[in-house]
Number of protein chains: 4
Amino acid sequence: MPRISAERMQDREDSLLAAAREVFACKGYEAAAVSDVARVAGVSDGLVYRYFGSKRDLLLAVLDSFYSRIIDDLERAVSLSASFEQRVATLVHKHVERFVDDMALCRLFIVEVRNFDEYVGSETHELNRRYTSILMRILADGRAEGRVAGDIDDRLVRDMMFGGIEHVAWRHILAGHPIDVERVAGQITRLLLGGISTSRAS
Amino acid sequence: MPRISAERMQDREDSLLAAAREVFACKGYEAAAVSDVARVAGVSDGLVYRYFGSKRDLLLAVLDSFYSRIIDDLERAVSLSASFEQRVATLVHKHVERFVDDMALCRLFIVEVRNFDEYVGSETHELNRRYTSILMRILADGRAEGRVAGDIDDRLVRDMMFGGIEHVAWRHILAGHPIDVERVAGQITRLLLGGISTSRAS
Amino acid sequence: MPRISAERMQDREDSLLAAAREVFACKGYEAAAVSDVARVAGVSDGLVYRYFGSKRDLLLAVLDSFYSRIIDDLERAVSLSASFEQRVATLVHKHVERFVDDMALCRLFIVEVRNFDEYVGSETHELNRRYTSILMRILADGRAEGRVAGDIDDRLVRDMMFGGIEHVAWRHILAGHPIDVERVAGQITRLLLGGISTSRAS
Amino acid sequence: MPRISAERMQDREDSLLAAAREVFACKGYEAAAVSDVARVAGVSDGLVYRYFGSKRDLLLAVLDSFYSRIIDDLERAVSLSASFEQRVATLVHKHVERFVDDMALCRLFIVEVRNFDEYVGSETHELNRRYTSILMRILADGRAEGRVAGDIDDRLVRDMMFGGIEHVAWRHILAGHPIDVERVAGQITRLLLGGISTSRAS
DNA sequence: AATGAATGAGTTTTCATTCAT
DNA sequence: AATGAATGAAAACTCATTCAT
């Protein structure tokens with residue numbers, strides 16, 4: 001017979017998640033201690049392990065909840081755009097904005113999770129796919145509309161876009177000067193859509 | 001354990017560097033222990049500190065030696081290319097190849113060094129700048145030749161290219177299927193030069 | 001190893017303190033390892049750091065608890081003495097006795113703490129002041145009663161007394177022959193009060 | 001067949017001793033590394049062990065050479081004083097001055113050597129005895145001249161004097177204000193000779 | 001005689017995780 | 001269900017000392 005209701009358990013899990021997000025974002029995964037998370041959440045160390053199997057699980061849960069949130073947000077924004085070019089522009093804009101707003105969590109994902117063996121096949125991986133699949137659908141639709149050059153591999157575009165934006169955002173963040181999201185996103189969009197060359201490229 | 005003569009100190013340093021490269025590449029920086037490196041190099045723990053001041057120094061030395069090697073290689077390759085487009089193609093090709101050949105080291109740089117405070121201003125940062133400056137020169141020359149669209153920010157191109165290739169390479173590596181360097185580099189080059197759109201973009 | 005209830009935390013702290021006192025007294029601060037203390041206390045190494053932030057903190061806690069104990073004792077003894085001379089005699093007697101009873105801790109204070117930069121301004125320093133202030137009050141009162149020569153600097157007396165007794169005690173302890181506290185304290189008192197000379201000194 | 005002459009060996013030993021004096025004085029015994037000494041002396045680590053059996057031996061040698069120097073100096077100064085009181089005054093003055101001039105070495109002796117088991121019976125102990133015996137002779141002579149109160153134990157006087165001066169000097173040094181040697185020595189001398197009391201003490 | 005590379009034991013401290021209460 | 005005291009296994013780094021050269 002449970003002493004606390006399911007509702008209460010959910011609240012606890014949420015507050016632990018929030019605490020973990022804060023602590024991991026602030027100190028990074030390695031430097032964060034489970035007891036930091038417990039303290040911030042206002043519970044005992046031991047209780048953390050009733051809700052999450054390990055420190056690693058906690059990290060993944062933080063990132064998964066982050067992804068759930070941003071996927072919905074991105075989908076909603078993209079759905080409001082009319083043309084292919086607008087949808088790309090919106091996605092680029094939102095993604096750049098994501099780096100600006102949630103730098104620490106993006107970094108957490110890039111540095112602590114994405115590169116590890118366990119990543120492939122994980123829930124986090126699946127969520128990342130769902131996030132990027134929003135672009136894949138835009139590209140498929142754009143191709144159907146004849147807006148995408150025929151010899152382009154969509155996965156390549158996806159990687160170039162997300163990889164590129166990651167670097168651009170990082171450069172600004174490391175350099176310490178704030179990103180003018182509007183301008184940067186506009187430039188990236190133009191580059192992606194139109195390329196570097198003055199003439200049609202080979 | 002043989003005591004080595006003065007003239008073999010360089011060998012020792014090299015073998016420590018090689019051991020560190022292997023261990024860091026395999027386990028990542030945090031997970032690797034200095035004693036792992038020592039064991040692989042066949043020396044005592046303490047000796048590592050005779051050659052490298054700290055675990056961190058060892059990491060940076062590994063990356064610096066890596067950079068020194070690949071900068072020359074890239075410069076030579078690029079210098080052999082005639083046109084702007086060829087030079088870009090060569091650089092993309094070489095960079096993709098680099099990820100294929102030295103995935104672990106690229107990852108080490110990206111994950112363990114690039115995102116840390118101490119990075120800016122370090123020797124490694126300088127080497128990274130030299131590496132990327134090869135592209136910057138290509139772009140500047142291309143612009144002088146009128147091959148680059150006027151409204152393009154070179155640093156943006158740099159980030160999109162290196163960031164994009166990083167993700168492309170990663171996808172293949174994570175998925176476990178080998179990269180057809182020729183084909184992938186070609187596609188990336190085309191995308192960068194010509195963009196996604198069928199017509200001139202926005 | 002039994003897990004203790006909350007109400008027994010104090011006991012744990014006390015037993016750690018006792019273990020540290022023993023180990024430090026026996027081996028000195030530098031030569032003592034935290035794991036020695038843990039072993040003597042019958043706990044794990046890590047637990048020491050739950051109660052004391054560092055090895056240094058442990059040392060200071062040992063000395064502070066020592067001082068707390070002896071200050072009360074000295075104050076009580078002195079307060080029972082009627083005249084200036086008696087109070088000085090009592091203090092000397094008690095102080096010599098202290099060296100005899102707690103040689104190792106006195107030595108710990110003198111050797112490991114008193115001469116270090118961090119000492120000034122520390123809790124231990126404050127306790128030491130309280131201890132020595134007992135003598136300062138005796139001297140001030142004695143001066144008010146006209147029992148102290150006018151040109152004497154009280155701080156000088158304090159240093160001569162404590163420094164002198166320290167050496168006297170040390171000599172006996174090093175030589176290995178027990179101190180006749182009564183006799184030695186009497187001699188010291190006489191010397192301090194009356195000086196060496198047969199006639200009034202220069 | 002020795003490759004270097006006995007003379008050269010002596011020079012080496014002297015320069016090692018000087019280097020050790022400097023390093024120990026500056027950093028303390030524990031914090032000083034043998035290789036620091038070697039570097040300062042301009043020789044290899046290994047060579048230190050040809051001249052001194054261990055780091056400890058090096059410390060003792062430093063202190064022994066220090067004692068040899070100051071013993072002569074003190075003896076000479078005292079021999080120039082005419083009366084008992086003058087001789088005491090000179091000795092006090094010289095001893096206070098010693099603390100001022102050679103604070104670090106005094107501290108080294110007090111903290112690192114005097115309190116250790118091996119001290120009793122060591123060369124250093126013997127030198128310390130010779131140093132303090134200068135006072136013992138003064139007292140014996142003073143007693144013969146009737147200048148010393150009959151019931152005084154000379155060893156007690158010795159301890160009170162050296163212990164007291166040690167504390168006085170230390171207080172000034174810790175507090176950071178320079179000692180007015182003349183004044184302080186004068187006060188100490190007066191206190192030792194005449195005592196605290198306004199009247200002849202019990 | 002001299003070097004200095006090499007050793008390897010030893011130290012403090014941290015923390016994820018467990019489990020008696 | 002909740003606690004938080006306790007564990008114990010690392011792990012980075014230092015250095016006195018040795019000994020092949």
Take atom [atom1] of [X] and atom [atom2] of [N], then tell me their distance rounded to the nearest Å.
{"X": "C:F24", "N": "E:dT11", "atom1": "CZ", "atom2": "P", "answer": "12 Å"}
{"X": "B:E13", "N": "E:dG4", "atom1": "CD", "atom2": "C1'", "answer": "16 Å"}
{"X": "D:R39", "N": "F:dC15", "atom1": "CZ", "atom2": "P", "answer": "11 Å"}
{"X": "D:L16", "N": "E:dA2", "atom1": "CG", "atom2": "C1'", "answer": "12 Å"}
{"X": "D:F52", "N": "F:dT18", "atom1": "CZ", "atom2": "P", "answer": "16 Å"}
{"X": "A:L58", "N": "E:dA16", "atom1": "CG", "atom2": "P", "answer": "10 Å"}
{"X": "D:R12", "N": "E:dT3", "atom1": "CZ", "atom2": "C1'", "answer": "11 Å"}
{"X": "B:L59", "N": "F:dC13", "atom1": "CG", "atom2": "P", "answer": "12 Å"}

(message) With side-chain contact (heavy atoms from CB on, under 4.5 Å) as the test, pick out the partner of A:Y29 among A:V62, A:V111, A:L59.
(response)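 With A:Y29 as partner, side-chain contact (heavy atoms from CB on, under 4.5 Å) holds for just one option, A:L59.
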(request) For B:R50 and for C:D36, locate the closest nucleotide of DNA chain E by heavy-atom distance; then report the residue assigned to the nucleotide nearer the 5' terminus. (result) B:R50
(request) May I ask you to say whether C:D102 pairs ionically with C:R21, meaning some side-chain N is under 4.0 Å from a carboxylate O? (result) no
(message) So that I can tick it off, tell me whether D:R56 and D:E118 are bridged by a salt bridge, with the cut-off set at under 4.0 angstrom between side-chain N and carboxylate O.
(response)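 Yes, charged N to carboxylate O under 4.0 Å.
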(message) Under 3.5 Å for both pairing distances: what stems, at least three Watson-Crick or G-U pairs long, include DNA chain F?
(response) E:2-21 with F:2-21
Residue pair [X] / [Y]: nearest heavy atoms and the distance that separates them:
{"X": "A:V40", "Y": "A:A19", "answer": "CG1-CB, 3.6 Å"}
{"X": "C:Y49", "Y": "C:S54", "answer": "CE2-CA, 3.9 Å"}
{"X": "C:A31", "Y": "C:D36", "answer": "O-OD2, 4.4 Å"}

For nucleotides 13-15 of chain E, give me every protein contact, N/O to N/O, under 3.5 Å, one pair per line with atom names.
unit_1: E:dT13; atom_1: OP2; unit_2: C:Y49; atom_2: OH; d: 2.8
unit_1: E:dT13; atom_1: OP2; unit_2: C:K55; atom_2: N; d: 3.0

Examine [N]: is either OP1 or OP2 under 4.0 Å from a nitrogen or oxygen in the side chain of [X]? Give yes or no.
{"X": "D:S44", "N": "E:dG4", "result": "no"}
{"X": "D:R8", "N": "E:dA1", "result": "no"}
{"X": "A:Y51", "N": "F:dA1", "result": "no"}

(request) Mind running side chain to side chain contact (heavy atoms under 4.5 Å, CB included) on C:R12 and C:Y51 for me, showing each step along the way? (result) CA-CA 9 Å; C:R12 246 312 134 83; C:Y51 289 85; 3.4 Å; yes
(message) Quick check on ring pair (Phe, Tyr, Trp, His ring centres under 6.0 Å): which of C:Y119, C:Y67, C:F109 does C:H125 satisfy it with?
(response) C:Y119
(message) Has A:K27 got a side-chain atom pairing as donor or acceptor with A:A33's backbone, closer than 3.5 angstrom?
(response) no
